[in-house]
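Every number for a ligand or one of its atoms is a count from 1 in the order of the listing. None of the values given here were measured: they were computed from a predicted structure. Residue numbers run from 1 in the order of the sequence given.
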Amino acid sequence: MDFTKHLLFLMLQFLVVLGGDTKPGVRLDIQDKHVIMDNGIVQVNLSNPEGIVTGIRYNGIENLLEVLNEEYDRGYWDIVWDEGGENRTKKGAKGKGRFDRMEATNLTVIVEKEEQVELSFTRTWNASFQGKLPPLNIDKRFILLRGSSGFYTYAIYEHLKEWPAFDIDNTRIAFKPRKDKFHYMSIADNRQRFMPLPDDRIPPRGQVLAYPEAVRLVDPVEPEFKGEVDDKYEYSCESRYNRVHGWMSIDPLNSTGFWLITPSYEFRSAGPLKQYLTSHDGPTTLSVFHSTHYSGADLIMKFGPNEPWKKVYGPIFLYLNSLSNGVSPNKLWEDAKQQMVNEVESWPYTFPASKDFLSSQQRGKVQGRLLVRDRKVSDAFIPVCGAYVGLAAVGDVGSWQRECKGYQFWTITDDKGYFSIINLRPGDYNLYSWVTGYIGDYKFDKIINVTSGCELNVHELVYEPPRDGPTLWEIGIPDRSAAEFYVPDPNPTYINKLYVNHTDRFRQYGLWERYADLYPNKDLVYTVGVSDYRKDWFFAQVNRKKDNGTYQGTTWQINFNLDRVNTNGSYTLRVALASVHNAELQIRINKLEADPVLFSSGVIGKENTIARHGIHGLYWLFSVDVDGTLLVQGNNTIFLTQPMNTSPFIGIMYDYIRLEYKR
Ligand SMILES: *[C@@H]1O[C@H](CO)[C@@H](O)[C@H](O)[C@H]1NC(C)=O
Ligand SMILES: *[C@@H]1O[C@H](CO)[C@@H](O)[C@H](O)[C@H]1NC(C)=O
Ligand SMILES: *[C@@H]1O[C@H](CO)[C@@H](O)[C@H](O)[C@H]1NC(C)=O
Ligand SMILES: *[C@@H]1O[C@H](CO)[C@@H](O)[C@H](O)[C@H]1NC(C)=O
Ligand SMILES: *[C@@H]1O[C@H](CO)[C@@H](O)[C@H](O)[C@H]1NC(C)=O
Ligand SMILES: *[C@@H]1O[C@H](CO)[C@@H](O)[C@H](O)[C@H]1NC(C)=O
Ligand SMILES: *[C@@H]1O[C@H](CO)[C@@H](O)[C@H](O)[C@H]1NC(C)=O
Ligand SMILES: *[C@@H]1O[C@H](CO)[C@@H](O)[C@H](O)[C@H]1NC(C)=O
Ligand SMILES: *[C@@H]1O[C@H](CO)[C@@H](O)[C@H](O)[C@H]1NC(C)=O
Ligand SMILES: *[C@@H]1O[C@H](CO)[C@@H](O)[C@H](O)[C@H]1NC(C)=O
C-alpha cells in the first residue's frame, strides 16, 4: 500500500468511527393504527396491533413494499393449518389447509432504547376460537438496531397441553417489494435474472400451463421475455444453500437491494436437503420455515390433543443495501452475500429479548469423528470429508428428513472426518448422518443429552452402510439425487433462459413430456457395461402420454451378463430412490409376466417433485433378496415396472441401483 492510499485508508477508518458515534438512536412512534421504528437508515411501518409490515422507507424511497397492494398484503407472517384428526376438512385433506395471516391483537413494546427497539405483536388463543384460528399463541417480534441497514423478525408459536389437535401444512413470512422498481432477482451466483412483471402472468399476456403456478409468457410487457415459462418452483432451493436471496432495483445512478438473510436453518423443518421456495415473480421474497413441498403429506405437522409445543422461528434479517453510481447489480449481490456471512458469524444473536431465543452460553456442543466401513468390500475405516452430521429429535434411522417439530443442527465433516456441531439448544437428540458415495442412513445408537454449556465428545463413530457382498454392477451415484442421470433439453416452447446450459437444467418446465418424445413406443433399456447412465438413464421414470391424451405406465429394463451364477446362492438388489410421487415400483427378474412380483413398493410418495422441477424429494432405500435360482448364466434382465397412470406427474426418480453377490 503506498503512502497516499494508506492515509486515505486511515481517514476512512476515522470517518467510519465518527459515523458510528453519530448514528442516531432508534426512535419509536406508536400511533393509533400504526407503529413506526426508525433508525435514520430504515423506517419500518407496522400495523397496530396486527403486526403486518405496511411500509419500509429506505434510500429516499418512501416505501419499498408494493403500495398498490392492500396494507395487509405487503409483509406478513402466515400459516396454513387445519383441525386435527377427524376434524380435518375435506379441502384440507387434499393438502390445501386454511390460510391465516396471523394478525395479532396486542402490541407490547419489549425494548425501547437508543440501541434497539423490539416490538411484540401477540395473539392469544382460547376455546372460543376453536375451528376458526389455529390453536396457537403467537408472538411476532420485530427488532430494529441502531446503525443497522435492515430489521430482524422472529416468532414464537406455542400450543398448550389441553388444546385441540391440529395440523400445520406451511408457515412463513412473505414480503412483496414494489413491481415498478424491483426487476432483477438473485438466489445464487448462477441463479439470477431480470424477471417478468406480475402482469405478464395474467391472461391474455400469460397462458397457464399444466398447473396455475406455471405460465407461458405469450405477450409480456417487455418483449425479451416472450415465449418463456415463469414458475415459482423453478426458484426453489435446498435449505442448506438457502441463506440469502432477494431483489434489486437497478438504476444506473441509484440501485437498491432487498434481501432476506437466514443465518441458521436450525428452525426450518426436515434438515439440510429440504427444498423451499425463495423469491419469485410478484415480486415476492419468502422465508419459509415449514412446508410440505417436495415431501408431501408426510411433512404435515400433526399435533395431538394433548401435545404441548413451543418453537422459535427465526430471527431472520431483512437486509437493504444501495449503491449510487453506475453499479452492476453484482455489487449489491456480493454485498448481500457478505452481509449473510456477517449474520452467520453473529449467530446465535445476542440481542433478541425473548427468553425463548437462547444465547450461545445457553447452548451446547457435540464433537466427534465419522468413519465409514464398507464391510464385504474392505475392512478399512475410511474418514469421509463433507459428510453431513446432525442432531435432530430422537427417532428412527433417517427420521430427520420428515422431522418438523423440533430444531435440527447440522454440520459437515472435515477431510479427516472430524465434526463439531455447535449452538445446540438443550434437549435430547439423536445424531444422524448420511454420506455421499454410500447408500443408507447412519444413526448413533445413544441418545445425546445436550445441556447449556456442555461440550460432549462422541469420539469415533463408524457407519457401516448396507452391504451383503461385492458389487456386480451399479447404476448412478449414491447421492440422494437424480441429477447425474440424463436430463433432456426442454421443449423449445417451454424455456426459462436462466437454465439453458445450466448445471440445474432439471429446473426447466415440462421435462416429463420429453420421455414420450425420446421413447415414443418402446421403453428405456439399459445394458450394463454398454450404456452410460449419464446419457441412457432418463432422470425420472414417468408415464408416456398417448395420442388420445391418456397416460401409460412404463417398464424399464436393465440387461446384464453374469459369467457364473450360484444357483444355490443369493444376491441382493439395492434400489435407492431420490423421489416418488403416487407411484409403485414393481421388480421382476427375467420373466416380465412373473406373478407374484419379486418386489413391490406399494403405492408410495406424495412428493410432487416431477411437476416441481426438483431433482430429489425424500430418500427411499429398498433392499431386495434375489434367490440364485432366478438368475441365469449369460444374459439377465431386471424389469422395473411403474403401473400407476392417471397423471403426467406420477413417477420415480432413482438415486442408485446396485446388484451384490451375497453368497
Ligand atoms: C404507515 O403506513 C400507513 C399505511 O400505509 C400510512 O397511512 C402511514 O402514513 C404510514 N406512516 C408513516 C409514518 O409512514
Ligand atoms: C435515490 O433515489 C431516491 C428517490 O428515488 C432519492 O430520494 C435518493 O436521494 C437517491 N439517492 C441517491 C444516493 O442518489
Ligand atoms: C397487551 O399489551 C399491553 C401493553 O401494550 C400489556 O400491558 C398487556 O399485558 C398486553 N395484553 C396481553 C393479553 O398480552
Ligand atoms: C377469548 O379471547 C377473546 C379475545 O381476546 C376474548 O374476547 C374472549 O372473551 C375470550 N374468551 C374466553 C372464553 O376466554
Ligand atoms: C373435533 O371437534 C369436536 C367439536 O369441536 C371436538 O370435541 C373434538 O375434540 C375434535 N377432535 C379433535 C381430534 O380435535
Ligand atoms: C437430559 O438432561 C436434562 C437436564 O439435565 C434432564 O432433565 C433429562 O432428563 C435428561 N434426559 C436424559 C434422557 O437423560
Ligand atoms: C450451450 O453450450 C454449448 C456448448 O458449450 C454451446 O455450443 C451452445 O451454443 C450453448 N447453447 C446456448 C443456447 O447457449
Ligand atoms: C388411448 O390409447 C391407448 C393406446 O394408445 C389405449 O390403450 C387406450 O385404451 C386409449 N384410451 C382411451 C380412453 O381411448
Ligand atoms: C448346489 O447344491 C447342490 C446340493 O447341495 C450341489 O450338488 C450343487 O453342486 C450346488 N451347485 C452349486 C452351483 O454350487
Ligand atoms: C446378451 O446380450 C447382448 C447385448 O444385449 C447380446 O449382444 C448377446 O447376443 C446376448 N447373448 C445371448 C447369449 O443372448
- Can you pull out the closest protein heavy atom to atom 6 (C) of ligand 8? Residue, atom name and distance to 0.1 Å, please. Asn548 ND2, 4.2 Å
- Item | Spacing of CG belonging to Asp29 relative to CZ belonging to Arg27, to within rounding of 0.5 Å | 8.5 Å
- Query: Looking at atom 5 (O) of ligand 5, what's its closest protein heavy atom, distance included?
  - Reply: Gln130 NE2, 3.9 Å
- Message: If we count only N and O atoms by modelled type, under 3.5 Å, do the side chains of Thr554 and Tyr519 hold a donor and an acceptor together?
- Response: no
- Could you point out which residue of Tyr494, Tyr211, Tyr509 forms a side chain to side chain donor-acceptor pair (under 3.5 Å) with Asp231? Tyr211
- Query: Is there a protein heavy atom less than 4.0 Å away from atom 2 (O) of ligand 8?
  - Reply: yes
- Task: Kindly compute the distance separating NZ (Lys274) from OG1 (Thr292), expressed to the nearest 0.5 Å.
- Result: 7.0 Å
- Go through the side-chain N and O atoms of Ser120 and Asp139 and say whether any donor and acceptor fall under 3.5 Å apart. yes
- Would you call Ala165 a ligand 5 contact, heavy-atom distance under 4.0 Å? yes
- Decide whether an N or O pair under 3.5 Å exists between Val109 and ligand 3. no
- Task: Quick one: pull up CZ in Phe258 and OH in Tyr319 and give me the separation to the nearest 0.5 Å.
- Result: 13.5 Å
- Using only heavy-atom distances, determine whether the side chains of Tyr349 and Glu343 contain a donor-acceptor pair under 3.5 Å. yes
- Could you find the nearest protein heavy atom to atom 13 (C) of ligand 5 and give me its residue, atom name and distance? Glu86 OE1, 3.6 Å
- Query: Which atoms of ligand 8 have any heavy atom of Thr550 under 4.0 Å away?
  - Reply: 1 (C), 11 (N), 13 (C)
- Item | Proximal ligand 3 atoms for Leu107, defined as those under 4.0 Å from one of its heavy atoms | 2 (O), 4 (C), 5 (O)
- Query: Among the heavy atoms of Thr124, does any lie under 4.0 Å from an atom of ligand 3?
  - Reply: no
- Query: Would a search of protein heavy atoms around atom 9 (O) of ligand 3 find one under 4.0 Å away?
  - Reply: no
- Task: Below 4.0 angstrom from a heavy atom of Thr108, which ligand 3 atoms are there? Numbered from 1 as shown, please.
- Result: 2 (O), 5 (O)
- May I ask you to check if Arg141 and Phe151 form a cation-pi contact, with NZ or CZ under 6.0 angstrom from the six-membered ring centre and within 45° of the axis? no
- Under the criterion ring-ring contact (aromatic ring centres under 6.0 Å, His included), which of Trp537, Tyr526, Phe538, Phe639 is the partner of Trp556? Trp537
- Note on the structure: The protein heavy atom nearest to atom 4 (C) of ligand 5 is Asn87 ND2, 4.6 Å
- Output yes when the distance from some N or O of ligand 3 to some N or O of Asn106 is under 3.5 Å, and no in every other case. yes
- Item | Glu83 contact mode with ligand 5 (heavy-atom cut-off under 4.0 Å) | neither
